[in-house]
Amino acid sequence: MTQNNPPQSSPLQQSPDLALALIAFQASVPTIHDNDKSFHGSFANLPGILSTIGPKLREHGLAVSQLPEGIDGKPGLRTTLMHVSGQSFSAVTPVEIQQGFDRKGKPLNATQEWGKAITYSRRYALQAVLGLCVGIEDNDADMEPSAPPVRAETSESAAKIEGVSDGDQPLSKNDREFCLGLIKELEAEKLALFLADFRRDFGLSKEAKVAPFLTSKKHQDWMNANMHKYV
């Protein structure tokens with residue numbers, strides 16, 4: 001490996017092509033899911049990441065190059081994001097290579113350790129240059145998670161009370177039981193958050209039980225607008 005100067009980036013202010021392509025890529029790439037396991041837990045391996053992002057990179061005229069390159073006299077990896085317009089930017093990541101002996105006291109194979117270190121660095125440098133996070137469904141390519149509508153499928157409207165606003169109209173028995181059923185299905189942590197938010201938004205004390213107060217259309221509307229936070 002040869003030592004190079006500190007990483008340089010191509011000036012992007014000349015044209016927005018690369019930035020616009022990266023934005024479009026991030027909006028279209030599917031969520032990267034864990035597909036492998038190690039001693040430390042589940043993770044997305046390099047082939048899994050590349051197979052997920054490859055088609056979308058090509059679709060938006062992007063390509064990534066990752067080549068070994070020395071940095072400060074030590075091993076490194078230069079990751080370069082390129083666009084068909086000719087724009088690019090890159091940076092070098094230091095690569096730490098394990099040395100010493102394995103658990104049986106045998107010397108570690110330098111080539112194998114170099115390969116493992118490069119593969120590990122490639123995964124994280126690739127995600128960093130593209131602004132991706134494994135397992136985070138935060139893009140337009142995935143269906144946005146949503147809570148089920150807070151309304152019983154077979155509910156009948158409660159009798160409307162004259163002179164009472166729409167929000168204060170009473171819930172039908174079916175709708176109220178359906179709302180309470182959804183609340184009971186929440187996990188403990190999410191339930192605590194739901195109860196705290198409900199009490200806050202409807203001016204209830206911190207000790208008040210929510211169920212007796214969940215009686216009106218406004219409460220159902222509130223659940224429809226907020227339930228996605230708790231499921």
Test your reading of the model: is there a side-chain donor-acceptor pair from N109 to the backbone of T111, 3.5 Å cut-off?
yes
With side chain to side chain contact (heavy atoms under 4.5 Å, CB included) as the test, would you mind laying out the steps for L62 and R58 before giving the verdict?
CA-CA 6 Å; L62 295 169; R58 293 187 288 273; over 6 Å; no
Side-chain heavy atoms under 4.5 angstrom apart, residues restricted to Ile, Leu, Val, Met, Phe, Trp, Tyr: same cluster for L20 and L18?
no
Going by salt bridge (charged side-chain N to carboxylate O under 4.0 Å, His left out), name the pairs with one or both residues in residues 84-98, residues two or more places apart or in two chains.
none
Listed by chain and number, what are the side-chain contact (heavy atoms from CB on, under 4.5 Å) partners of A117, not counting sequence neighbours?
V95, I97
Could you pull out all residues at least two apart from V64 that satisfy side-chain contact (heavy atoms from CB on, under 4.5 Å)?
L57, Q66, T79, L81, L126, L130
Is E59 atom CD crowded by more than 12 heavy atoms from other residues, nucleotides or ligands, each under 6.0 Å away?
yes
With sequence neighbours left out, what residues match L191 under side-chain contact (heavy atoms from CB on, under 4.5 Å)?
I183, L186, L195
Same apolar cluster: F198 and L193, side chain cutoff 4.5 Å
yes
Nearest heavy-atom pair of A225 and H228: which atoms, and what distance?
O-CE1, 3.2 Å
If only atom types and distance count, is the side chain of D175 paired as donor or acceptor with the main-chain N or O of L171 below 3.5 Å?
no
Ring pair (Phe, Tyr, Trp, His ring centres under 6.0 Å) partners of F213, counting only residues at least two apart
none
Is it true that L132 and V129 fall in one hydrophobic cluster, defined by side-chain heavy atoms closer than 4.5 Å?
yes
Give every residue pair that meets the salt bridge (charged side-chain N to carboxylate O under 4.0 Å, His left out) criterion with at least one member in residues 190-203, sequence neighbours excluded.
D197-R200
Tell me, please, which residues at least two apart from K218 pass side-chain contact (heavy atoms from CB on, under 4.5 Å).
D168, F202, S216
Supply the members, apart from Y124, of the Ile/Leu/Val/Met/Phe/Trp/Tyr cluster built from side-chain contacts under 4.5 Å; use none for a lone residue.
Y120
H60: side-chain hydrogen bond (donor to acceptor under 3.5 Å, both in side chains) partners, not counting sequence neighbours:
S28
Contacts satisfying salt bridge (charged side-chain N to carboxylate O under 4.0 Å, His left out) that involve residues 105-134 (not counting sequence neighbours) are E113-K116
Taking only residues two or more places apart in sequence, or in another chain, which ones meet E177 in a side-chain hydrogen bond (donor to acceptor under 3.5 Å, both in side chains)?
none
Compare every heavy atom of T52 with every heavy atom of P55, then report the nearest pair and how far apart it is.
CD-O, 3.9 Å
Check step by step if side chain to side chain contact (heavy atoms under 4.5 Å, CB included) holds for W114 and T119.
CA-CA 9 Å; W114 180 85; T119 299; over 6 Å; no
